[in-house]
Amino acid sequence: VIADSQFVDNLGRFLSMLLMLNAILCAFNLIPFPPLDGAAVITLLLPAEMALRVSNALRSPGLALFGLLVAWYLFGEVVEPIWNGILRLVHPDVSYG
């Protein structure tokens with residue numbers, strides 16, 4: 001019985017880590033800076049000709065490096081509300097700072 005309890009506990013921890021990792025990576029990838037996928041959303045809001053020019057500009061390595069630096073800076077700001085939101089969904093009776 002103890003082995004089963006430990007297995008279930010470890011499985012719960014593993015699944016919890018997978019949930020958090022997937023939610024964080026999803027949010028991080030949607031930040032609207034190149035080379036992240038969120039940058040492509042910008043082109044959907046523009047007229048076709050301008051969207052093509054912006055799409056070509058988003059492929060430049062310098063802009064991609066800048067986008068990664070901005071995303072790195074914003075990572076903590078994006079992750080904290082997601083982390084707290086998931087924790088509130090999983091454990092609604094516990095207070096998180």
Side-chain angles (χ1 to χ4, degrees):
V1 175
I2 293 174
D4 290 338
S5 176
Q6 187 174 7
F7 173 76
V8 170
D9 185 49
N10 288 337
L11 180 63
R13 288 174 194 254
F14 176 72
L15 292 175
S16 176
M17 286 188 284
L18 284 179
L19 172 69
M20 290 300 206
L21 180 63
N22 278 315
I24 290 168
L25 288 175
C26 174
F28 180 74
N29 202 32
L30 291 177
I31 295 174
F33 291 103
L36 303 175
D37 291 339
V41 173
I42 297 168
T43 61
L44 297 174
L45 305 172
L46 299 173
E49 184 178 320
M50 187 180 287
L52 183 61
R53 282 189 267 154
V54 170
S55 179
N56 288 335
L58 290 176
R59 292 188 189 117
S60 72
L63 193 57
L65 181 59
F66 174 74
L68 279 177
L69 290 174
V70 169
W72 184 277
Y73 178 75
L74 292 176
F75 185 77
E77 302 294 324
V78 170
V79 168
E80 186 176 355
I82 293 168
W83 183 271
N84 290 333
I86 290 174
L87 288 176
R88 282 188 190 99
L89 285 173
V90 174
H91 299 289
D93 54 337
V94 178
S95 166
Y96 298 100

Trainee: Nearest 0.5 angstrom please: Leu46 CG to Leu52 CG, how far?
Mentor: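 Here the rounded value is 11.0 Å.
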
Trainee: Report the distance from atom CG of Leu89 to atom CG of Asn84, rounding to the nearest 0.5 Å.
Mentor: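 Here the interatomic distance stands at 11.0 Å.
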
Trainee: Share the residues that join Leu21 in a hydrophobic cluster, the rule being Ile, Leu, Val, Met, Phe, Trp or Tyr side chains under 4.5 Å apart at the heavy-atom level.
Mentor: Leu25

Trainee: Side-chain heavy atoms under 4.5 angstrom apart, residues restricted to Ile, Leu, Val, Met, Phe, Trp, Tyr: same cluster for Leu11 and Leu18?
Mentor: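 They do share one cluster, since a chain of ILVMFWY contacts under 4.5 Å joins Leu11 to Leu18.
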
Trainee: Once you round to the nearest 0.5 Å, how far does CE of Met50 lie from CZ of Arg53?
Mentor: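 Nearest 0.5 Å value for the CE-CZ distance: 5.5 Å.
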
Trainee: With a 4.5 Å cut-off on side-chain heavy-atom distances among I, L, V, M, F, W and Y, is there a chain of contacts connecting Tyr73 to Phe66?
Mentor: yes

Trainee: Establish whether Leu19 and Val79 are linked, either directly or via other cluster members, by ILVMFWY side-chain heavy-atom contacts under 4.5 Å.
Mentor: yes

Trainee: Consider only side-chain heavy atoms of I, L, V, M, F, W and Y, link residues closer than 4.5 Å, and tell whether Phe7 and Leu15 are in one cluster.
Mentor: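 Yes: a chain of side-chain contacts under 4.5 Å links Phe7 to Leu15.
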
Trainee: Could you grab the distance from atom CG of Leu87 to atom CD1 of Ile82, nearest 0.5 Å is fine?
Mentor: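 Between Leu87 CG and Ile82 CD1, I get 12.0 Å after rounding to 0.5 Å.
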
